[in-house]
Amino acid sequence: MTCELILGGARSGKSREAERRAAGSGLAVTVIATAEALDEEMAARIRRHQADRPAGWRTVEAPLTLADTLRREAALERCLLVDCLTLWLSNLLADAHTLPAGATAEDLPRFRQERDALLAVLPTLPGRIVLVANEVGLGLVPETPLGRLFRDEAGRLNQMVASACRRVVFVAAGLPLVLKEG
């Protein structure tokens, strides 16, 4: 298994870089989409992403059960492109507003279960896996506790996934910077 993580900020070019890497693999590509079209603006974003992809690529939606989807879809002759881990994390933290003061994301059983399942399955998958995630920790500290929780969990998830990947790339202004190779 070859696993790589492509990180970047909003509109950094991270998805385009991940698509370039997937296309260059020479394998059949399946996009694992984690976004949900909950409003028209998000639906338009999803349509734009779909239109930019080659026609032969399959798309499988996995807003919550990412590990199960990866296990089911991974194959030696296939490249899976997960776009993106940050939206998946947001989906898992949807109930975080119900947490009492002082609680953490660890107090959300679904979050903990799905995150741990992803980290456990990544090293076992055949084929090639390209994961996309936002680097959200470079900006201002969020004003709300929920915003800070999301930022912290995104950073932790990125670190854990990066440690499981052979290649990690940070994209800024459309330019890829290899952070880890090997």
Side-chain angles (χ1 to χ4, degrees), residues 1-8 14-15 17-37 46 49-50 53-54 56-96 104-137 149-171 176 178-182:
M1 185 268 310
T2 301
C3 182
E4 63 183 286
L5 175 62
I6 311 290
L7 295 163
K14 63 190 175 299
S15 290
E17 175 65 14
E19 290 167 358
R20 187 184 70 74
R21 297 284 298 166
S25 73
L27 302 171
V29 177
T30 298
V31 177
I32 309 296
T34 62
E36 294 182 285
I46 291 169
H49 269 281
Q50 291 169 336
R53 294 183 197 130
W57 289 11
R58 283 181 55 236
T59 299
V60 175
E61 295 182 5
L64 293 170
T65 57
L66 184 55
D68 286 344
T69 302
L70 289 170
R71 191 178 295 109
R72 186 177 63 249
E73 295 293 331
L76 283 174
E77 68 285 351
R78 189 175 298 149
C79 177
L80 301 182
L81 169 56
V82 178
D83 198 355
C84 82
L85 291 177
T86 315
L87 283 172
W88 173 71
L89 174 66
S90 179
N91 297 339
L92 291 175
L93 294 178
D95 292 333
T104 70
E106 294 293 324
D107 296 311
L108 295 168
R110 181 84 188 253
F111 162 77
R112 202 173 52 248
Q113 174 189 343
E114 293 294 337
R115 182 207 54 206
D116 293 351
L118 173 67
L119 296 172
V121 79
L122 279 178
T124 71
L125 298 171
R128 185 164 180 179
I129 315 296
V130 180
L131 303 140
V132 178
N134 285 281
E135 178 51 69
V136 299
L149 174 74
F150 176 77
R151 181 227 28 216
D152 292 349
E153 292 306 328
R156 287 184 189 106
L157 179 64
N158 288 346
Q159 289 181 54
M160 290 181 221
V161 171
S163 71
C165 290
R166 289 187 181 161
R167 186 170 197 268
V168 179
V169 175
F170 182 77
V171 180
V178 176
L179 303 176
K180 177 182 175 184
E181 184 98 56

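- Proximity of Arg53 to Val29: side-chain heavy atoms (C-beta onward) are nowhere separated by under 4.5 Å.
- Of all heavy-atom pairs between Ala96 and Leu149, the closest is CB-CD2, 3.6 Å.
- For the salt bridge (Lys or Arg N to Asp or Glu O under 4.0 Å) with Glu4, the lone residue among Lys180, Arg166, Arg21, Arg20 that qualifies is Arg21.
- The line from CG of Leu81 to CH2 of Trp57 is 6.0 Å long, rounded to the nearest 0.5 Å.
- Atom-to-atom distance recorded for Leu119:CG and Ser163:OG is 7.5 Å, nearest 0.5 angstrom.
- Val82 is not listed as a side-chain neighbour of Thr69, based on a closest heavy-atom distance of 4.5 Å or more.
- Separating the NE2 atom in His49 from the CG atom in Asp83 is a distance of 5.5 Å, to the nearest 0.5 Å.
- Side-chain contact between Leu108 and Arg112 is absent, with no heavy atoms from C-beta onward closer than 4.5 Å.
- Residue Cys3 forms a side chain to side chain contact (heavy atoms under 4.5 Å, CB included) with just one option from Val130, Leu131, Leu125, and that option is Leu131.
- The two residues Ala164 and Leu122 make their nearest non-hydrogen contact at CB-CD1, 4.4 Å.
- Residues passing the side chain to side chain contact (heavy atoms under 4.5 Å, CB included) test with Glu181 are Arg167, Val178, sequence neighbours excluded.
- Arg58 and Thr30 share a side-chain donor-acceptor pair at under 3.5 Å.
- Counting heavy-atom neighbours within 6.0 Å of Gln50 CD, excluding the residue itself, gives a total above 12.
- Every residue meeting the side chain to side chain contact (heavy atoms under 4.5 Å, CB included) condition with Asp152, not counting sequence neighbours, appears here in chain and number order: Arg156.
- To the nearest 0.5 Å, atom CG of residue Leu5 and atom CD of residue Glu135 are 9.5 Å apart.
- If you take CG on Leu92 and CG on Leu87, they are separated by 11.0 Å, rounding to the nearest 0.5 Å.
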Residue pair Lys14, Phe170: steps toward the side chain to side chain contact (heavy atoms under 4.5 Å, CB included) verdict: CA-CA 8 Å; Lys14 63 190 175 299; Phe170 182 77; over 6 Å; no
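- Residues Thr34 and Leu85 have side chains not in contact (no heavy-atom distance under 4.5 Å, counting atoms from C-beta outward).
- The minimum heavy-atom distance linking Glu61 with Pro63 is given by the pair C-CD, 3.7 Å.
- Nearest heavy-atom pair across Thr65 and Arg110 is CG2-NH2, 3.5 Å.
- In this structure, Ile129 CD1 and Cys165 SG are separated by 9.5 Å, a value rounded to the nearest 0.5 Å.
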Audit row: Arg115, Leu66, side chain to side chain contact (heavy atoms under 4.5 Å, CB included) steps and yes/no: CA-CA 9 Å; Arg115 182 207 54 206; Leu66 184 55; over 6 Å; no
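- For the pair Glu153/Leu157, no side-chain contact is recorded, criterion being any heavy-atom separation below 4.5 Å from C-beta on.
- Side-chain atoms of Asn158 come within 3.5 Å of backbone N or O of Asn134 as a donor-acceptor pair.
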